[in-house]
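Notes to accompany the following structure.
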Amino acid sequence: IVHGDEGLGDPDTLKTILQDPQGVGVNAVDISHISRISLGNLKRYRLVIVEKARTISAEQLQMFMDYSTQSDGRLVWIGDAGTKRGSKEIQKPGDINALKDADNPWYRVIDKGDEFKLVAFDQFLGLKFIDNYCEEVDCADKSFHVGVLNSENTGEHPLIYGATQVLNFKISKEHDFSIVQQFPNASNSNIVLSLDLGGKLQGRENEIERYVPIIATSGLGERVAYYAYPPEYFVKDNNFGVYIKNMYYGMLGK
């Protein structure tokens with residue numbers, strides 16, 4: 001588990017749940033701050049989970065992409081990880097390259113002095129980050145019903161296998177989820193779990209579509225998974241332990 005200092009997710013709780021013999025029962029789970037991680041470190045692991053890491057540099061995003069493409073590793077990306085640029089980064093890449101999705105915080109530009117290198121982490125995930133739900137809509141401190149979770153039609157995908165196909169979904173202001181949109185032409189992106197909000201919502205800054213992706217996969221062989229809602233929250237707030245168990249065994253192909 002790789003984490004930073006802010007953002008969605010509770011890495012210590014995630015580690016505890018993964019190691020719980022009554023839950024997933026993983027023998028060993030390592031946890032490290034992102035400042036201590038290199039590509040060499042990542043390549044030692046078959047599964048890397050990134051959460052509570054809102055600020056991630058363009059070079060670090062490239063590192064996680066390289067981990068996924070240069071090894072047999074599986075990557076789980078959670079919530080708003082990587083949606084805040086570092087202070088030394090180019091803050092408005094659209095000023096340099098007039099691309100329509102330059103406002104997407106997962107799209108970055110590295111200034112190499114004599115040239116610019118594009119880091120299209122948004123295309124890597126097949127998703128555009130919009131905002132966190134409770135930053136757009138007033139949320140209660142206590143747990144409240146926000147919508148209904150819908151599994152993809154067959155219900156056979158390993159990340160949702162065994163879960164009830166339609167489930168009432170609760171969140172709280174403290175345990176929020178991210179709003180993302182799938183790129184229509186993202187051939188490598190597959191939404192396996194979505195949230196039905198019951199209708200479109202007008203947020204503070206953005207209109208929120210009725211159906212919001214909660215779990216999506218991408219990459220060759222679906223070796224990359226995105227969770228808009230941290231898996232440990234599924235357990236703590238909704239008692240849906242099946243999703244965190246499926247995340248581990250489904251990503252590792254067991």
Side-chain angles (χ1 to χ4, degrees), residues 7-11 13-14 16-18 20 23-24 49-52 54 76-81 83 125-182 189-218 225-251:
L8 298 183
D10 184 344
T13 296
L14 176 59
T16 298
I17 294 173
L18 285 172
D20 184 353
V24 186
I49 304 167
V50 181
E51 69 170 9
K52 195 181 179 183
R54 192 157 195 171
V76 174
W77 203 259
I78 295 174
D80 56 3
T83 61
L125 293 178
L127 300 167
K128 179 176 181 176
F129 180 84
I130 306 300
D131 205 347
N132 289 336
Y133 182 81
C134 292
E135 293 176 14
E136 291 283 338
V137 177
D138 289 330
C139 292
D141 292 331
K142 294 184 178 180
S143 181
F144 66 96
H145 178 263
V146 70
V148 176
L149 293 176
N150 291 311
S151 299
E152 56 89 22
N153 291 335
T154 68
E156 296 295 319
H157 195 280
L159 296 185
I160 57 171
Y161 184 76
T164 303
Q165 198 144 14
V166 178
L167 286 167
N168 289 324
F169 182 55
K170 296 181 295 184
I171 69 163
S172 65
K173 187 175 183 178
E174 183 180 357
H175 292 169
D176 197 2
F177 68 94
S178 293
I179 304 164
V180 297
Q181 289 180 351
Q182 185 183 42
S189 178
N190 178 31
I191 297 173
V192 298
L193 185 69
S194 61
L195 172 63
D196 181 357
L197 295 170
K200 287 187 177 182
L201 300 176
Q202 183 57 55
R204 291 186 178 90
E205 300 290 339
N206 298 279
E207 185 177 71
I208 305 171
E209 297 293 329
R210 174 176 176 174
Y211 297 100
V212 179
I214 296 296
I215 301 177
T217 61
S218 61
Y226 173 76
Y227 283 68
Y229 185 65
E232 61 272 22
Y233 294 176
F234 277 122
V235 179
K236 292 184 70 175
D237 291 352
N238 291 277
N239 200 27
F240 298 158
V242 64
Y243 289 117
I244 199 166
K245 185 175 289 188
N246 286 354
M247 179 194 71
Y248 181 76
Y249 291 109
M251 291 302 292

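If you're wondering where the values come from, they're calculated on a predicted model, not measured in any experiment. Residues: numbered from 1 along the sequence shown. These numbers come from the heavy atoms of this one structure, side chains and all, not from hydrogens, waters or symmetry mates.
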Open item on the list: Using the rule given for side chain to side chain contact (heavy atoms under 4.5 Å, CB included), can you reason through I215 versus Y243, listing the C-alpha separation, both sets of side-chain angles and the distance that settles it, and then say yes or no?
Closed with: CA-CA 10 Å; I215 301 177; Y243 289 117; 4.3 Å; yes
Open item on the list: With a 4.0 Å cut-off on N to O distance, would you call R210 and D196 a salt bridge?
Closed with: yes
- [ ] Could you grab the distance from atom CD1 of I17 to atom NZ of K245, nearest 0.5 Å is fine?
- [x] 12.0 Å
Open item on the list: Using the side chain to side chain donor-acceptor pair (under 3.5 Å) criterion, which residues pair with E136? Sequence neighbours excluded.
Closed with: N206
Task: E135 and R54 ion-paired at < 4.0 Å - done: yes
Task: Close side-chain approach of L195 to V146, heavy-atom, < 4.5 Å - done: yes
TODO: Provide the closest heavy-atom pair for S143 versus K170 in the form atom of the first, atom of the second, distance.
DONE: OG-CB, 3.4 Å
TODO: Check for a donor-acceptor pair, side chain of D176 on one end and backbone N or O of C134 on the other, with a separation under 3.5 Å.
DONE: yes
Task: Donor-acceptor pair between S189 and Q182 side chains, under 3.5 angstrom - done: yes
Open item on the list: Nearest 0.5 angstrom please: F129 CZ to I179 CD1, how far?
Closed with: 8.0 Å
TODO: Check the pair Q181, I130 against side chain to side chain contact (heavy atoms under 4.5 Å, CB included), reporting the backbone distance first and the verdict last.
DONE: CA-CA 7 Å; Q181 289 180 351; I130 306 300; 3.9 Å; yes
- [ ] Enter the distance from I49:CD1 to E232:CD here, rounded to the nearest 0.5 Å.
- [x] 9.0 Å
Open item on the list: Are there over 12 heavy-atom neighbours, none belonging to Q202, within less than 6.0 Å of that residue's CD?
Closed with: yes
Task: N238 and Y229, any side-chain heavy atoms less than 4.5 Å apart - done: yes
- [ ] Would you mind reporting whether V242 and T164 have side-chain heavy atoms less than 4.5 Å apart?
- [x] no
Open item on the list: Just by distance, no angles: are the side chains of S178 and N132 close enough, under 3.5 Å, to form a donor-acceptor pair?
Closed with: yes
Open item on the list: Run the side chain to side chain contact (heavy atoms under 4.5 Å, CB included) test on K52 and L8 for me, step by step, so that the C-alpha distance in whole Å, both residues' side-chain angles and the decisive distance to 0.1 Å come before the verdict.
Closed with: CA-CA 5 Å; K52 195 181 179 183; L8 298 183; over 6 Å; no
Task: Residue pairs involving residues 137-166 (criterion ring-ring contact (aromatic ring centres under 6.0 Å, His included); sequence neighbours excluded) - done: none
TODO: Supply the atom-to-atom distance D10 CG to T16 OG1, rounded to the nearest 0.5 angstrom.
DONE: 8.0 Å
Task: Nearest heavy atoms of V192 and I160, plus distance in Å - done: O-CD1, 3.3 Å
- [ ] Please tell me if the side chains of Y227 and I214 come closer than 4.5 Å, counting only heavy atoms from C-beta onward.
- [x] no
- [ ] With rounding to the nearest 0.5 Å, note down the distance linking NZ in K236 to OG1 in T13.
- [x] 4.0 Å
Task: Non-hydrogen atoms of P213 and A228 that approach each other most closely - done: O-CB, 3.5 Å
Task: Any donor-acceptor N/O pair, S172 side chain to H175 backbone, under 3.5 Å - done: yes
Task: From CA spacing to verdict: side chain to side chain contact (heavy atoms under 4.5 Å, CB included), Y226, I191 - done: CA-CA 9 Å; Y226 173 76; I191 297 173; over 6 Å; no
Open item on the list: Can you confirm whether L159 sits close enough to M251 that some side-chain heavy atom of one is under 4.5 Å from a side-chain heavy atom of the other?
Closed with: yes
Open item on the list: Tell me the closest heavy-atom pair linking K173 and C139, and the distance in Å.
Closed with: CD-O, 3.8 Å
Open item on the list: Less than 4.5 Å apart, side chain to side chain, heavy atoms only: is that true for P231 and I78?
Closed with: yes
- [ ] Please answer whether the main-chain N or O of Y211 pairs with a side-chain N or O of E209 as donor and acceptor at a distance below 3.5 Å.
- [x] no
Open item on the list: Is any side-chain heavy atom of V148 closer than 4.5 Å to one of L167?
Closed with: no
Open item on the list: Taking the ring centre of each residue, are F169 and F240 less than 6.0 Å apart?
Closed with: no
Open item on the list: I'd like to check Q165 versus N150 (side-chain heavy atoms, cut-off strictly below 4.5 Å). Are they in contact?
Closed with: no
Task: Considering all heavy atoms, the nearest I171-Y133 contact - done: CD1-CD2, 3.8 Å
